[in-house]
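First up is the structure itself, then whatever we jot down about it.
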Protein chains: 2
Amino acid sequence: MSKQISSVWTREPRPARTPGRSREEIVRATLELLDAEGLDGLSMRKLGARLGSGATTIYWYVENKDELLELAYDHVWGQIALPVPEELGWRDTITTFAHSMRRVMLFHPWVGSLIGRLPALGPNALSMSDRLRKAFALAGFEGLDIDYANAALTAYVFGTVIPEIAWQSSMGGEELDQESMKETFRHVARDFPDLLERLTEINDKVSDTDTLRETSFAFGLTTVLDGLEARLRS
Amino acid sequence: MSKQISSVWTREPRPARTPGRSREEIVRATLELLDAEGLDGLSMRKLGARLGSGATTIYWYVENKDELLELAYDHVWGQIALPVPEELGWRDTITTFAHSMRRVMLFHPWVGSLIGRLPALGPNALSMSDRLRKAFALAGFEGLDIDYANAALTAYVFGTVIPEIAWQSSMGGEELDQESMKETFRHVARDFPDLLERLTEINDKVSDTDTLRETSFAFGLTTVLDGLEARLRS
DNA sequence: ACCTGAACACCGTTCAAGT
DNA sequence: ACCTGAACACCGTTCAAGT
């Protein structure tokens, strides 16, 4: 007795008959709630209220909350720029894509917690995968190497942006007190003088943390792309 | 009025006076529960029961559930191998470290959901950071480039392992039905023939998904390291 | 066919009261 | 100083009952 994958995308949606009550309507309201209040702010009761219905009405259109999140999840992937590799060349395609992906994720921070929690089988996620693989094939990768290159790139973007989201939302729009931050570092890193020196150097040198993170992202992206080129030449 | 960072590591622990009741005891029980039942399986009530106390007793030793998770989190980082860069050379140091990090994370899958949700200011997390930066300094990076290189590497590992954890736990020990899996792909990817071809090629070529993921991880790690070397030469 | 509210089995956290 | 249980304000989901 082996397991089956379970996803909204394997089921046909209920037809929309009642006006203002459909999968699309529900997804729209879900996205509004997620963008406004984050993942913790989304509850079936609140969503019901926003839709002007009972909370349990939603279960007619969707099997459970995770399916709802799958729908919202895929909607976000749909907002990422997907250049055409044949026009732009593989390296610029990937670069444009990666920066766009980062921006979209930072704009919908709740996706960070969904990566690795939900399957990504929606049309937008698949279209993204498809386009990326085409870019890597154009670059010269063959067979499984296409998938490996694809995995390496998306891993880098996910792995960068997920902690960025954390940073962003831990500040919650407010400024982080520079002095108490330094004080915290001094306390927790008291046994690691070299590390402490690096952290304070960053703090002193960089006034704008946004551009610091942007620069760091670009550095790593170049690193991954250079590494892939090295592999193509060998 | 600006914000302050909040973390267990900024507060001194309550002294352990009652036998079998201390921060350490509580962390031990928390880890047991997390490893056994995952993040969703951890509740203050269950933890209390395991400790032979009321659920709310825990609040004497810890401010809230997140602080508890911070403690468990850092414990996991303590299990990662940290080779000495001066002995092994920077590239082998990083390679060993990265593989160890991946193994430890896959063994405690619940850490996946904590990355980017909690600050990593514990001694083990800092010791890891410290050692990694030393390796990159030894490699020849200077100033902020040390931090960028460090960020790129950890991003790659996080970004790879987080989806791996999802995959692993979605199967929950059981075999995934090969046929119904193919069927699902055929259905959801019906508009992406090239992608579908790639997915079925992977399915057919690779019998052992564990080694596939291992190979993919090694490929990406080499990519990142090659990219960093390219940067050092330029 | 679609929607409802009550009910179930949970949560994290607060707090007054106990020893 | 340390521990307790009751209580509060929530959850996601099930289901019998309504239209």
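Naming: A, B, ... by sequence-line order, numbering from 1 per chain. The figures that follow rest on heavy atoms only: side chains count, while hydrogens, waters and symmetry mates do not. The shown structure was predicted, so the numbers you read here are calculated from the model rather than taken from an experiment.
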Practice problem: Run through A/Arg102, A/His108, A/Met101 and flag the one making a side chain to side chain contact (heavy atoms under 4.5 Å, CB included) with A/Val104. | Solution: A/His108
Quiz item: Which distance, rounded to the nearest 0.5 Å, do you find between the CG of A/Leu212 and the CD1 of A/Ile202?
Solution: 6.5 Å
Quiz item: Heavy atoms under 4.0 Å, any strand shown: does A/Thr56 hit a base, just sugar-phosphate, or nothing?
Solution: base
Quiz prompt | Between B/Phe217 and A/Tyr148, ring centroids under 6.0 Å | solution = no
Quiz item: With a 4.5 Å heavy-atom cut-off, do B/Trp110 and B/Asp40 have their side chains touching?
Solution: no
Quiz item: What residues in residues 58-66 of chain A put a non-hydrogen atom under 4.0 Å from any atom of DNA chain C?
Solution: A/Trp60, A/Tyr61
Quiz item: Rounded to whole angstroms, how far apart are CE on B/Met44 and P on D/dA6?
Solution: 19 Å
Quiz item: How about A/Glu201: does its CD atom have over 12 heavy atoms from other parts shown lying under 6.0 Å from it?
Solution: yes
Quiz item: Base, sugar-phosphate, or nothing for A/Thr57, non-hydrogen atoms under 4.0 angstrom?
Solution: base
Quiz item: Taking B/Lys182 as the fixed residue, which of B/Asn203, B/Asp204, B/Thr200 is the one that meets the side chain to side chain donor-acceptor pair (under 3.5 Å) rule?
Solution: B/Asp204
Exercise. Would you kindly check whether a donor in the side chain of A/Ser43 faces an acceptor in the base of D/dG12, or vice versa, at under 3.5 angstrom?
Key: no
Quiz item: Is it the case that more than 12 heavy atoms not belonging to A/Asp208 sit under 6.0 Å from its CG atom?
Solution: yes
Exercise. Using whole Å, report how far CZ of A/Arg21 lies from P of C/dA1.
Key: 18 Å
Self-check item: Nearest-angstrom distance from the residue atom CZ of A/Arg45 to P of D/dA9
Solution: 14 Å
Quiz item: Stepwise, does the side-chain contact (heavy atoms from CB on, under 4.5 Å) test hold for B/Leu71 with B/Thr30?
Solution: CA-CA 9 Å; B/Leu71 294 168; B/Thr30 304; over 6 Å; no
Exercise. Mind checking A/Arg17 for me? I need base, sugar-phosphate or nothing, with any heavy atom below 4.0 Å counting as a touch.
Key: sugar-phosphate
Quiz item: When you measure from every atom of DNA chain C, which of residues 25-41 of chain A have a heavy atom less than 4.0 Å away?
Solution: none
Practice problem: Count the heavy atoms of every other residue, nucleotide or ligand shown that sit under 6.0 Å from CD of B/Gln79, and state whether that count exceeds 12. | Solution: yes
Exercise. Starting at atom CG of A/Leu51, determine the distance to atom P of C/dC2, rounded to an integer number of angstrom.
Key: 16 Å
Quiz item: Is there a Watson-Crick or G-U wobble partner for C/dC11 with both distances under 3.5 Å, and if so, which one is it?
Solution: none
Exercise. Tell which nucleotide pairs with C/dT4, taking only Watson-Crick or G-U wobble pairs whose two distances are both under 3.5 angstrom.
Key: D/dA16
